[in-house]
Participant: 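Sharing a structure with you now.
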Amino acid sequence: MHELSIVLSIVDLAEEQVRKNNAQRVENIELDIGSMAGVEWDALDFAWTAGVKNSVLENAQRQVNRITARARCLQCQHEFEITQPFEPCPACHDYLVEYIQGKELRVKSLTVS
Ligand SMILES: [Zn+2]
């Protein structure tokens with residue numbers, strides 16, 4: 001499962017931070033996840049529970065910031081909220097658009113103790 005490998009890489013990163021800071025565990029973790037990052041929310045929740053077991057993240061408070069995807073049309077420069085891949089520009093109906101945001105998949109902050 002794709003989401004489990006995401007969780008496991010977050011666990012790796014968290015363990016590295018804990019080690020670096022001579023801490024014991026993670027108190028809080030904040031994630032930025034874009035709506036176009038290809039992450040299924042339910043699958044991520046499920047993978048999280050399984051993936052953090054017996055790790056420094058097991059009892060961490062998790063906050064997920066869901067970032068709405070936005071795109072810019074390369075023809076008319078119109079900016080719009082995009083809800084699915086290959087959605088045309090609502091102004092001129094061109095398909096040549098670039099993402100401004102929404103593909104994020106990162107740890108925004110992490111508090112260790
Ligand atoms: Zn356009």
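All ligand and atom numbering here is 1-based and tracks the order in the structure. When a residue number appears, it is its place in the shown sequence, counting from 1. Just so it is clear, the values below take in all heavy atoms, side chains as well, and ignore hydrogens, waters and symmetry mates.
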Participant: On a heavy-atom basis, which atom in Q75 and which in L96 lie closest, and how many Å separate them?
Facilitator: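 For Q75 versus L96, the nearest heavy atoms are NE2-CD1, 3.9 Å.
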
Participant: How many degrees, to 10°, between C73 SG and C89 SG as seen from the Zn ion (ligand 1)?
Facilitator: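 Nearest ten degrees: 110°.
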
Participant: Examine C92 and say whether one of its N/O/S atoms is closer to the Zn ion (ligand 1) than 2.8 Å.
Facilitator: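 It does: C92 brings an N, O or S atom closer than 2.8 Å to the Zn ion (ligand 1).
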
Participant: When you measure from the Zn ion (ligand 1) to the N, O or S atoms of H93, does any of those distances fall below 2.8 Å?
Facilitator: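 Of the N, O and S atoms in H93, none lies under 2.8 Å from the Zn ion (ligand 1), which means no.
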
Participant: Using a distance-only test with no angle check, is there a side-chain donor-acceptor pair under 3.5 angstrom linking T111 and E27?
Facilitator: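 On atom types as modelled, these side chains do not qualify, holding no pair under 3.5 Å.
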
Participant: Using every non-hydrogen atom in the two residues, find where G51 and L8 come nearest and quote the distance to one decimal.
Facilitator: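 G51 and L8 have their closest heavy atoms at O-CD2, 4.0 Å.
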
Participant: Assess the residue pair N28 and Q63 against the criterion (side-chain hydrogen bond (donor to acceptor under 3.5 Å, both in side chains)); give the C-alpha distance rounded to whole Å, side-chain angles, the decisive distance to 0.1 Å, and a yes or no.
Facilitator: CA-CA 8 Å; N28 295 290; Q63 189 191 331; over 6 Å; no

